[in-house]
Structure formats: C-alpha cells, structure tokens
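Report on one structure; see the data block that follows.
Because the structure is a prediction, the values reported are computed rather than measured. Note on naming: letters A, B, ... go to the chains in the order of the sequence lines (proteins, then strands), and numbering restarts at 1 for each one.
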Amino acid sequence: MTKIEKSKKIIKILNEKFGKPHCALNYNTDFELLVAVILSAQCTDVRVNMVTEKMFKVVNTPEAFMEMPLKDIETHIKSTGFFRNKAKNIKMCSKELVEKYNGEVPSKMENLVALPGVGRKTANVVRGEIWGLSDGITVDTHVKRLSNLIGFVKEENVEKIERELMEIVPKKRWIDFSHYLILQGRDVCIARRPKCSACEINHLCNYGRKMMRKSSEKN
DNA sequence: CTCCCGATAT
DNA sequence: ATATCAGGAG
C-alpha cells in the first residue's frame, strides 16, 4: 500500500471516529485565536483555555494589549510556561497588528509568520481555522510523533515533515488531517505510552503493527 | 543547536 | 525525578 492510500484510509477511519474536527482552543475573535495559539506553545489546550477565559474578559484587542504593562500580561499567562517570551511576543504582535494591519489579523502566510511569536505552525492553525486556508500542514508535537510512528516520515525536522506530508495527504484534507492526528495523539497514541491495542488505526501503523505482534507472541 | 518555563501525569 | 504539553527566536 502506498503512503497516499494509507493516508486516505487513516483519514476515513478517524473521520468516522471524530467527525468534523474543530479547534480545541476557545476564542470569540480572530485576534483572540491568534493569542490563544501563541500561548499554546508547549502547553496543553486545556491550560490555555483556563488562562484566556479570565484574561479576555480584561483585554481582548490588540489596542488593549499594546498598552498593557508587560508585567500584567505575564501575570495573566504565567501558568502556560515561557511566559516572558509569550508576553513580549503578544504585546509586540499587537503593536504590529495595529500599526500595519489596522488591528486586523492578516490572512497571508508571509505576513503572519513575520509577526513576533508566530511561526509556521501558528500561522497554519490560524489560517485553517479562520479562513479554511491551507498552504501547508500544521505540524505540532503530535503530528510529528504520529507521522513518524505510522511511517509517513522518518524525520525530526518539522518543516521537512510538513513538505513530505504535503506529498502524501490529499490537499483537501490537510486541515482535517492535522486535527485527526492531534486528537488521536491526545486520546490514544499518547507520547508516554501509546495504547496500540485500543487504536483504531494500529493495522495501518508501523509501530502499531510491531506492538500488536509483540503482544500476540506472549499468548 | 540552545534557551525559554509552569503544570501535570507517570 | 522525569517526560510531555497544538513552538518560536537567536
């Protein structure tokens, strides 16, 4: 079976399991989503939602964030980790949005990744979630891990992984594909201990097949 | 490549 | 104690 066929089968199975996926980060505006995704670096979505729920009641516009003392932003977001970098990035990012984009979140990839604290992963999430756009595939820690375990790639560099996946996954499914691997990664294929025996796609996964053979040999 | 970094599960 | 969490910048 080719990797392309395999990706289609996996998408079909996970589509039946998860349905039409949506972003797990809570937000009410484009700008709130951008801030939430910046905060989600090396942090669970659950934690980000706890922080943003309180913070967005106080500040939720680029105009407000650019005027807010750095210390106050830090206090709000401290529990998400990397809080000094993130606070600085959110403040500078807000300033650029106001000065260059009339306070709006730009939709062009090149404009998004030029913003402080915004890389390809964040840009892909925002573009896919808000406008349904996909120049690329969101490669976060889960997509990276599962793509290697399944056997789509043998690679640690996220930009190389993204380019290779773009050759394997049908373009119309790029957005859903990332959501599905992320959901499966949180729920079943957990980094610490993947639950291969409970995995719906273990027969399509190199690591899963290996684990299932091992467990059947013991019986 | 290193640094940033708190909360949680194991 | 240690690995991990929707990464990005220098």
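Mapping A:Phe82 and A:Met50 onto DNA chain B by nearest heavy atom places A:Phe82 closer to the 5' end of the strand. In terms of position along DNA chain C, the nucleotide closest to A:Cys23 lies nearer the 5' end than the nucleotide closest to the other residue of the pair A:Cys23 and A:Gly117. Of the two residues contacting DNA chain C, namely A:His22 and A:Ala114, the nearest-nucleotide position lying further toward the 5' end is that of A:His22.
Between the P atom of B:dA7 and the CG atom of A:Asn49 lies a distance of 17 Å, rounded to the nearest Å. We find that CE of A:Met109 is positioned 11 Å from P of C:dG8, with the value rounded to whole Å. Here the P atom of nucleotide C:dC5 and the CG atom of A:Leu146 are 10 Å apart, to the nearest Å. The CD atom of A:Gln42 sits 9 Å away from the C1' atom of C:dA6 (whole-angstrom rounding). Between the CG atom of A:Asp187 and the C1' atom of C:dA6 there is a distance of 15 Å, rounded to whole Å. A straight line from NZ of A:Lys86 to P of B:dC3 spans 18 Å, rounded to a whole angstrom. For the pair A:Asp45 CG and C:dT4 C1', the interatomic distance rounds to 14 Å; values are reported in whole Å. Here the C1' atom of nucleotide C:dA9 and the CZ atom of A:Arg120 are 17 Å apart, to the nearest Å.
Distances shown here put every side-chain N or O of A:Arg193 at or beyond 4.0 Å from the OP1 or OP2 atom of C:dT4. Contact between the side-chain N/O atoms of A:Arg186 and the OP1/OP2 oxygens of C:dC5 is not found at any separation under 4.0 Å. In this model, the phosphate group of C:dT4 is not approached by any side-chain N or O of A:Thr141 to a distance below 4.0 Å at OP1 or OP2.
Here the options are A:Lys144, A:Arg120, A:Lys121, the test is side chain to side chain donor-acceptor pair (under 3.5 Å), and the partner is A:Glu162; only A:Arg120 passes.
If you check every strand for non-hydrogen atoms under 4.0 Å, A:Ser178 touches nothing. At a threshold of 4.0 angstrom between heavy atoms, the contacts of A:Leu115 are confined to the sugar-phosphate backbone, with no base atom among them. Counting any heavy atom pair closer than 4.0 Å across all strands shown, A:Val118 reaches sugar-phosphate atoms only and no base atom.
Taking the six-membered ring where the residue is Trp, A:Phe56 and A:Phe65 present perpendicular rings, their angle passing 60° and hence far from 30°.
Between C:dG7, C:dT4, B:dC5, one nucleotide has an atom nearer to the side chain of A:Ala191 than all others, and that is C:dT4. For A:Lys78, taking side-chain heavy atoms from C-beta onward, the closest of the listed nucleotides B:dC4, C:dT2, B:dG6 is B:dG6. The A:Ser79 side chain lies nearest to B:dA7 when the options are B:dT10, C:dA6, B:dA7. Comparing C:dA6, C:dC5, C:dG7 by their closest approach to the side chain of A:Arg145 singles out C:dC5. Distance from the side chain of A:Arg192 is smallest for C:dT4 among the nucleotides C:dA6, C:dT4, C:dG7. In this structure, the nucleotide among B:dG6, C:dC5, C:dA6 sitting nearest to the side chain of A:Lys121 is C:dA6.
Around the NZ atom of A:Lys100, the shell of radius 6.0 Å holds no more than 12 heavy atoms that belong to other residues, nucleotides or ligands.
For C:dC5 and B:dC4, the C1' atoms lie 15 Å apart once the distance is rounded to whole Å. Straight-line distance between the P atoms of C:dG10 and B:dC5: roughly 14 Å, to the nearest whole Å. Distance check on atom P: B:dA9 versus C:dA6 gives 13 Å, rounded to whole Å.
The cationic group of A:Lys78 lies under 6.0 Å from the six-membered ring centre of A:Phe83 and within 45° of the ring axis, placing it in a cation-pi geometry.
Look at A:Phe83 and the base of B:dG6; the rings do not stack under the cut-offs of 5.5 Å between centres and 30° between planes.
Donor-acceptor pairing under 3.5 Å, judged by distance alone, is absent between the side chain of A:Arg47 and the base of B:dA7.
Here the side chain of A:Asn202 pairs a donor or acceptor atom with the backbone of A:Cys196 at under 3.5 angstrom.
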task: Would you check, one step at a time, whether the test salt bridge (charged side-chain N to carboxylate O under 4.0 Å, His left out) holds for A:Glu16 with A:Lys12?
output: CA-CA 6 Å; A:Glu16 286 167 6; A:Lys12 181 176 166 57; 3.5 Å; yes
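Side-chain contact between A:Tyr207 and A:Cys189 is absent, with no heavy atoms from C-beta onward closer than 4.5 Å.
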